[in-house]
Amino acid sequence: MDKELIDQFIISSLKEDVGDGDHTSLATIPADAVGKAKLLVKDYGILAGVELAAEIFHVIDNRFKINIFLNDGAVVKPKDVAFEVEGNVRNILTAERLVLNCMQRMSGIATKTREIVDLLKGTNTKVLDTRKTTPGMRYLEKWAVRIGGGVNHRFGLYDMILIKDNHVDYAGGIREAIESARNYVAGLDKKLAIEIEVRNIEEVEQVLQTGGIDRILIDNFNFDDLCTAVNMIEGRYITEASGGITVDNIRRYADCGVDYISVGALTHSVKSLDLSLKAVKA
(Lines give C-alpha, C1' and ligand atoms only; values in the text may rest on other atoms or scores of the structure.)
Protein backbone atom coordinates (compact mmCIF):
# COMPACT_ATOMS: atom_id res chain seq x y z
CA MET A 1 0.00 0.00 0.00
CA ASP A 2 1.27 3.45 -0.95
CA LYS A 3 0.42 5.08 2.39
CA GLU A 4 1.02 8.65 1.25
CA LEU A 5 -1.24 8.29 -1.77
CA ILE A 6 -3.90 6.40 0.20
CA ASP A 7 -3.96 8.96 3.02
CA GLN A 8 -4.41 11.76 0.47
CA PHE A 9 -7.34 9.83 -1.02
CA ILE A 10 -8.90 9.29 2.42
CA ILE A 11 -8.59 12.95 3.43
CA SER A 12 -10.07 14.12 0.12
CA SER A 13 -12.92 11.61 0.31
CA LEU A 14 -13.76 12.57 3.89
CA LYS A 15 -13.79 16.24 2.94
CA GLU A 16 -16.29 15.43 0.17
CA ASP A 17 -18.52 13.39 2.50
CA VAL A 18 -18.27 15.09 5.89
CA GLY A 19 -18.03 18.75 4.90
CA ASP A 20 -18.51 20.87 8.01
CA GLY A 21 -19.64 17.92 10.12
CA ASP A 22 -21.63 14.69 10.33
CA HIS A 23 -24.63 16.51 11.73
CA THR A 24 -26.77 13.38 12.15
CA SER A 25 -24.20 11.77 14.44
CA LEU A 26 -23.48 15.06 16.17
CA ALA A 27 -27.20 15.45 16.86
CA THR A 28 -27.91 11.91 18.09
CA ILE A 29 -24.73 10.41 19.56
CA PRO A 30 -23.00 11.66 22.75
CA ALA A 31 -19.47 12.88 22.13
CA ASP A 32 -17.93 10.33 24.50
CA ALA A 33 -19.98 7.30 23.36
CA VAL A 34 -17.85 4.19 22.73
CA GLY A 35 -19.01 1.16 20.80
CA LYS A 36 -18.16 -1.65 18.44
CA ALA A 37 -19.12 -2.45 14.83
CA LYS A 38 -18.55 -5.45 12.57
CA LEU A 39 -18.01 -5.67 8.82
CA LEU A 40 -20.67 -8.16 7.75
CA VAL A 41 -20.46 -10.02 4.42
CA LYS A 42 -23.81 -10.50 2.67
CA ASP A 43 -22.64 -12.02 -0.62
CA TYR A 44 -20.37 -14.66 -2.15
CA GLY A 45 -17.02 -13.56 -3.54
CA ILE A 46 -13.48 -12.40 -2.88
CA LEU A 47 -12.87 -9.90 -0.09
CA ALA A 48 -10.81 -6.82 -0.86
CA GLY A 49 -10.14 -3.53 0.92
CA VAL A 50 -9.54 -4.77 4.46
CA GLU A 51 -6.10 -3.17 4.65
CA LEU A 52 -7.55 0.03 3.22
CA ALA A 53 -10.42 0.01 5.73
CA ALA A 54 -7.98 -0.25 8.62
CA GLU A 55 -6.11 2.77 7.27
CA ILE A 56 -9.35 4.75 6.90
CA PHE A 57 -10.26 4.08 10.52
CA HIS A 58 -6.79 5.01 11.72
CA VAL A 59 -6.71 8.26 9.73
CA ILE A 60 -10.03 9.25 11.28
CA ASP A 61 -9.07 8.14 14.80
CA ASN A 62 -5.79 6.42 15.65
CA ARG A 63 -7.29 5.16 18.91
CA PHE A 64 -9.52 2.66 17.14
CA LYS A 65 -9.00 -1.02 18.01
CA ILE A 66 -9.43 -3.24 14.95
CA ASN A 67 -9.65 -7.02 15.11
CA ILE A 68 -9.27 -8.55 11.62
CA PHE A 69 -10.70 -12.03 11.02
CA LEU A 70 -10.50 -12.20 7.19
CA ASN A 71 -7.76 -10.69 5.06
CA ASP A 72 -7.74 -9.37 1.51
CA GLY A 73 -8.13 -12.20 -0.98
CA ALA A 74 -10.24 -14.39 1.31
CA VAL A 75 -13.12 -16.34 -0.20
CA VAL A 76 -16.24 -15.12 1.61
CA LYS A 77 -19.90 -16.01 1.98
CA PRO A 78 -22.97 -14.42 3.61
CA LYS A 79 -22.77 -13.97 7.40
CA ASP A 80 -18.95 -13.97 7.44
CA VAL A 81 -17.46 -11.20 9.59
CA ALA A 82 -14.34 -9.63 8.12
CA PHE A 83 -13.35 -7.50 11.11
CA GLU A 84 -14.56 -5.64 14.16
CA VAL A 85 -13.71 -2.06 15.06
CA GLU A 86 -14.08 -0.55 18.51
CA GLY A 87 -13.87 3.08 19.57
CA ASN A 88 -15.65 6.42 19.46
CA VAL A 89 -19.09 5.85 17.94
CA ARG A 90 -19.26 9.17 16.12
CA ASN A 91 -15.98 8.37 14.40
CA ILE A 92 -17.13 4.87 13.48
CA LEU A 93 -20.17 6.40 11.78
CA THR A 94 -18.00 8.96 10.00
CA ALA A 95 -15.88 6.16 8.56
CA GLU A 96 -18.78 3.84 7.68
CA ARG A 97 -19.72 5.00 4.17
CA LEU A 98 -16.17 5.52 2.91
CA VAL A 99 -15.15 2.08 4.16
CA LEU A 100 -18.17 0.42 2.55
CA ASN A 101 -17.95 2.31 -0.75
CA CYS A 102 -14.31 1.29 -1.16
CA MET A 103 -14.60 -2.29 0.08
CA GLN A 104 -17.75 -3.10 -1.87
CA ARG A 105 -16.27 -1.92 -5.16
CA MET A 106 -12.83 -3.42 -4.52
CA SER A 107 -14.38 -6.75 -3.53
CA GLY A 108 -16.54 -6.75 -6.66
CA ILE A 109 -13.45 -6.18 -8.82
CA ALA A 110 -11.46 -8.85 -6.99
CA THR A 111 -14.36 -11.30 -7.38
CA LYS A 112 -14.68 -10.74 -11.14
CA THR A 113 -10.92 -10.94 -11.56
CA ARG A 114 -10.73 -14.25 -9.67
CA GLU A 115 -13.51 -15.65 -11.85
CA ILE A 116 -11.46 -14.94 -14.97
CA VAL A 117 -8.20 -16.12 -13.41
CA ASP A 118 -9.90 -19.44 -12.64
CA LEU A 119 -11.12 -19.71 -16.25
CA LEU A 120 -7.53 -19.29 -17.46
CA LYS A 121 -6.04 -22.00 -15.24
CA GLY A 122 -4.01 -24.48 -17.24
CA THR A 123 -2.98 -21.86 -19.82
CA ASN A 124 -0.02 -19.48 -19.85
CA THR A 125 -2.33 -16.50 -20.34
CA LYS A 126 -2.77 -13.84 -17.64
CA VAL A 127 -5.58 -11.30 -17.31
CA LEU A 128 -4.73 -7.59 -17.41
CA ASP A 129 -6.69 -4.57 -16.28
CA THR A 130 -6.92 -1.31 -18.25
CA ARG A 131 -7.16 2.46 -17.68
CA LYS A 132 -10.97 2.21 -17.80
CA THR A 133 -11.21 3.04 -14.12
CA THR A 134 -13.18 5.41 -11.88
CA PRO A 135 -11.43 8.81 -11.73
CA GLY A 136 -9.71 9.19 -8.38
CA MET A 137 -10.00 5.47 -7.57
CA ARG A 138 -7.58 3.94 -10.08
CA TYR A 139 -5.04 2.92 -7.44
CA LEU A 140 -7.73 1.15 -5.39
CA GLU A 141 -9.29 -0.57 -8.39
CA LYS A 142 -5.97 -1.84 -9.72
CA TRP A 143 -5.07 -2.94 -6.19
CA ALA A 144 -8.28 -4.99 -6.17
CA VAL A 145 -7.31 -6.61 -9.49
CA ARG A 146 -4.06 -7.78 -7.92
CA ILE A 147 -5.93 -9.12 -4.89
CA GLY A 148 -8.11 -11.12 -7.29
CA GLY A 149 -5.04 -12.62 -8.96
CA GLY A 150 -4.87 -10.41 -12.04
CA VAL A 151 -2.00 -8.33 -13.40
CA ASN A 152 -1.84 -4.55 -13.61
CA HIS A 153 -1.24 -2.98 -17.00
CA ARG A 154 0.14 0.56 -17.07
CA PHE A 155 -1.17 2.80 -14.30
CA GLY A 156 -1.39 5.87 -16.50
CA LEU A 157 -0.05 7.66 -19.53
CA TYR A 158 3.28 8.18 -17.78
CA ASP A 159 4.64 4.67 -17.23
CA MET A 160 4.46 3.04 -20.67
CA ILE A 161 4.15 3.98 -24.33
CA LEU A 162 1.04 2.41 -25.86
CA ILE A 163 0.65 3.39 -29.50
CA LYS A 164 -3.04 2.94 -30.29
CA ASP A 165 -4.96 3.24 -33.54
CA ASN A 166 -5.40 7.02 -33.28
CA HIS A 167 -1.69 7.50 -32.63
CA VAL A 168 -0.87 5.42 -35.71
CA ASP A 169 -3.29 7.37 -37.89
CA TYR A 170 -2.10 10.77 -36.65
CA ALA A 171 1.57 9.74 -36.96
CA GLY A 172 1.16 8.62 -40.56
CA GLY A 173 1.44 4.86 -40.14
CA ILE A 174 2.89 1.96 -38.17
CA ARG A 175 6.54 2.53 -39.07
CA GLU A 176 6.37 6.26 -38.48
CA ALA A 177 4.73 5.83 -35.08
CA ILE A 178 7.22 3.20 -33.90
CA GLU A 179 10.28 5.11 -35.08
CA SER A 180 9.05 8.33 -33.46
CA ALA A 181 8.42 6.49 -30.19
CA ARG A 182 11.86 4.89 -30.23
CA ASN A 183 13.54 8.24 -30.84
CA TYR A 184 11.50 9.81 -28.05
CA VAL A 185 12.41 7.10 -25.52
CA ALA A 186 16.07 7.34 -26.48
CA GLY A 187 16.08 10.95 -25.29
CA LEU A 188 14.56 10.22 -21.88
CA ASP A 189 16.19 9.48 -18.55
CA LYS A 190 13.57 6.81 -17.83
CA LYS A 191 12.99 3.49 -19.49
CA LEU A 192 9.57 3.06 -21.05
CA ALA A 193 8.35 -0.11 -22.72
CA ILE A 194 6.73 0.38 -26.13
CA GLU A 195 3.51 -1.41 -27.04
CA ILE A 196 1.63 -0.98 -30.30
CA GLU A 197 -1.94 -1.85 -31.18
CA VAL A 198 -2.69 -3.64 -34.44
CA ARG A 199 -6.07 -3.83 -36.15
CA ASN A 200 -5.47 -6.49 -38.79
CA ILE A 201 -2.97 -9.04 -40.09
CA GLU A 202 -1.43 -6.48 -42.44
CA GLU A 203 -0.55 -4.26 -39.49
CA VAL A 204 0.97 -7.25 -37.68
CA GLU A 205 3.24 -7.74 -40.69
CA GLN A 206 4.20 -4.05 -40.66
CA VAL A 207 5.11 -4.19 -36.95
CA LEU A 208 7.24 -7.29 -37.47
CA GLN A 209 9.04 -5.64 -40.38
CA THR A 210 9.73 -2.51 -38.32
CA GLY A 211 10.60 -4.08 -34.94
CA GLY A 212 11.87 -2.07 -32.00
CA ILE A 213 8.87 -2.62 -29.72
CA ASP A 214 8.22 -4.71 -26.62
CA ARG A 215 4.59 -5.79 -26.89
CA ILE A 216 1.89 -6.11 -29.54
CA LEU A 217 -1.74 -5.44 -28.66
CA ILE A 218 -3.92 -7.52 -30.96
CA ASP A 219 -7.22 -5.66 -30.86
CA ASN A 220 -10.67 -6.90 -31.89
CA PHE A 221 -9.40 -9.91 -33.83
CA ASN A 222 -11.64 -12.92 -34.30
CA PHE A 223 -10.41 -16.23 -32.94
CA ASP A 224 -8.83 -17.51 -36.17
CA ASP A 225 -7.05 -14.23 -36.92
CA LEU A 226 -5.77 -13.99 -33.34
CA CYS A 227 -4.25 -17.47 -33.64
CA THR A 228 -2.72 -16.48 -36.98
CA ALA A 229 -1.24 -13.31 -35.46
CA VAL A 230 0.24 -15.15 -32.46
CA ASN A 231 1.80 -17.73 -34.79
CA MET A 232 3.28 -14.95 -36.95
CA ILE A 233 4.83 -13.24 -33.93
CA GLU A 234 6.37 -16.56 -32.82
CA GLY A 235 7.24 -15.35 -29.33
CA ARG A 236 9.47 -12.51 -30.53
CA TYR A 237 7.33 -10.01 -28.64
CA ILE A 238 4.89 -10.17 -25.74
CA THR A 239 1.36 -10.52 -27.04
CA GLU A 240 -1.83 -9.04 -25.63
CA ALA A 241 -5.38 -9.51 -26.90
CA SER A 242 -8.39 -7.31 -26.25
CA GLY A 243 -11.81 -6.49 -27.62
CA GLY A 244 -14.86 -8.74 -27.84
CA ILE A 245 -13.47 -11.19 -25.29
CA THR A 246 -15.89 -12.21 -22.52
CA VAL A 247 -16.08 -14.80 -19.75
CA ASP A 248 -17.86 -17.04 -22.25
CA ASN A 249 -15.00 -17.15 -24.77
CA ILE A 250 -11.87 -16.05 -22.89
CA ARG A 251 -10.60 -19.60 -22.36
CA ARG A 252 -10.85 -20.30 -26.09
CA TYR A 253 -8.93 -17.12 -26.93
CA ALA A 254 -6.28 -18.01 -24.36
CA ASP A 255 -5.77 -21.33 -26.13
CA CYS A 256 -4.30 -19.35 -29.06
CA GLY A 257 -1.23 -18.89 -26.87
CA VAL A 258 -1.52 -15.14 -26.26
CA ASP A 259 0.45 -13.94 -23.22
CA TYR A 260 -2.14 -11.51 -21.85
CA ILE A 261 -5.80 -10.71 -22.31
CA SER A 262 -6.88 -7.24 -21.16
CA VAL A 263 -10.41 -6.93 -19.83
CA GLY A 264 -11.82 -3.44 -19.31
CA ALA A 265 -14.92 -4.89 -17.63
CA LEU A 266 -12.82 -5.76 -14.57
CA THR A 267 -13.11 -2.15 -13.50
CA HIS A 268 -15.60 -0.28 -15.68
CA SER A 269 -18.78 -2.32 -15.19
CA VAL A 270 -18.30 -4.59 -12.22
CA LYS A 271 -21.02 -5.42 -9.67
CA SER A 272 -20.11 -4.44 -6.12
CA LEU A 273 -20.09 -7.07 -3.40
CA ASP A 274 -22.81 -6.63 -0.78
CA LEU A 275 -21.19 -5.67 2.57
CA SER A 276 -22.50 -3.90 5.64
CA LEU A 277 -21.09 -2.26 8.76
CA LYS A 278 -23.33 -3.18 11.68
CA ALA A 279 -23.32 -2.01 15.28
CA VAL A 280 -22.45 -4.72 17.79
CA LYS A 281 -24.77 -4.33 20.77
CA ALA A 282 -23.16 -4.67 24.17
Side-chain angles (χ1 to χ4, degrees), residues 1-114 134 136-137 139-148 270-282:
M1 181 177 68
D2 185 331
K3 190 175 185 305
E4 181 178 356
L5 187 153
I6 288 298
D7 286 356
Q8 289 174 357
F9 165 80
I10 293 169
I11 292 167
S12 175
S13 298
L14 289 171
K15 183 177 180 180
E16 174 187 61
D17 196 32
V18 178
D20 68 350
D22 173 7
H23 294 298
T24 307
S25 296
L26 291 171
T28 60
I29 306 298
D32 59 352
V34 173
K36 184 185 294 186
K38 63 183 178 182
L39 195 290
L40 181 66
V41 179
K42 302 166 71 176
D43 210 344
Y44 294 91
I46 303 299
L47 190 66
V50 175
E51 186 179 356
L52 172 64
E55 186 66 13
I56 292 171
F57 283 117
H58 284 142
V59 167
I60 291 173
D61 186 343
N62 61 16
R63 296 166 297 178
F64 275 130
K65 296 178 182 178
I66 302 173
N67 193 5
I68 295 174
F69 307 120
L70 296 169
N71 292 307
D72 289 327
V75 178
V76 294
K77 63 186 184 304
K79 298 185 179 180
D80 282 346
V81 175
F83 60 78
E84 288 183 342
V85 57
E86 184 175 2
N88 181 274
V89 172
R90 284 183 178 179
N91 290 339
I92 290 175
L93 294 170
T94 296
E96 177 182 5
R97 182 45 51 195
L98 180 57
V99 166
L100 289 175
N101 283 350
C102 293
M103 287 195 66
Q104 287 176 319
R105 181 153 184 81
M106 288 180 69
S107 296
I109 291 169
T111 299
K112 174 58 70 174
T113 304
R114 182 68 59 84
T134 308
M137 291 190 70
Y139 183 89
L140 306 187
E141 293 179 349
K142 284 180 171 284
W143 185 4
V145 168
R146 296 198 307 275
I147 290 170
V270 73
K271 176 182 176 293
S272 293
L273 209 68
D274 193 2
L275 307 170
S276 184
L277 192 70
K278 292 296 185 182
V280 176
K281 296 180 180 180

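These numbers come from the heavy atoms of this one structure, side chains and all, not from hydrogens, waters or symmetry mates.
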Could you list the donor-acceptor pairs under 3.5 angstrom formed by side chains in residues 14-21, with sequence neighbours left out?
| unit_1 | atom_1 | unit_2 | atom_2 | d |
| --- | --- | --- | --- | --- |
| Asp20 | OD1 | His23 | NE2 | 2.9 |

**Study point:** Non-neighbouring partners of Arg90 that pass side-chain hydrogen bond (donor to acceptor under 3.5 Å, both in side chains), sequence neighbours left out
**Key:** none
Practice item. For Thr94, enumerate each residue passing the side-chain hydrogen bond (donor to acceptor under 3.5 Å, both in side chains) test, keeping only those at least two apart in sequence or located in another chain. Key: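 Once residues adjacent in sequence are excluded, Thr94 has no partner under the side-chain hydrogen bond (donor to acceptor under 3.5 Å, both in side chains) criterion.
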Contacts of [X] that satisfy side chain to side chain contact (heavy atoms under 4.5 Å, CB included) - sequence neighbours left out:
X: Val34; value: none
X: Ala279; value: none
X: Thr28; value: none
X: Pro78; value: Tyr44

Donor-acceptor pairs under 3.5 Å, side chain of residues 52-63 to any protein atom, not counting sequence neighbours: which ones?
| unit_1 | atom_1 | unit_2 | atom_2 | d |
| --- | --- | --- | --- | --- |
| Glu55 | OE2 | Lys3 | NZ | 3.2 |
| His58 | ND1 | Ala54 | O | 3.1 |
| Asp61 | OD1 | Arg63 | N | 2.9 |
| Asp61 | OD1 | Arg63 | NE | 2.9 |
| Asp61 | OD2 | Arg63 | NH2 | 3.2 |
| Asp61 | OD2 | Asn91 | ND2 | 2.9 |

**Study point:** Side chain proximity check, Leu39 to Leu70, heavy atoms < 4.5 angstrom
**Key:** no
Practice item. Would you list the pairs meeting side chain to side chain donor-acceptor pair (under 3.5 Å) in which at least one residue belongs to residues 66-86, sequence neighbours left out? Key: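 Listed by first then second residue: Lys77-Asp80.
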Who passes salt bridge (Lys or Arg N to Asp or Glu O under 4.0 Å) against [X], sequence neighbours left out?
X: Arg105; value: Glu141
X: Lys271; value: Asp43
X: Arg97; value: none

Review point. Taking the side chain from Ser12 and the backbone from Gln8, do they hold a donor-acceptor pair closer than 3.5 Å?
Key: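 A pair under 3.5 Å: no.
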Point to revise | Main-chain N/O of Asp2 paired with Tyr139 side-chain donor or acceptor, under 3.5 Å | key: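 Flag set: sc Tyr139 to bb Asp2 pair under 3.5 Å.
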Point to revise | Minimum-distance pair of heavy atoms, taken over all atoms of Val50 and Phe83 | key: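 Val50 and Phe83 have their closest heavy atoms at CG1-CD2, 4.3 Å.
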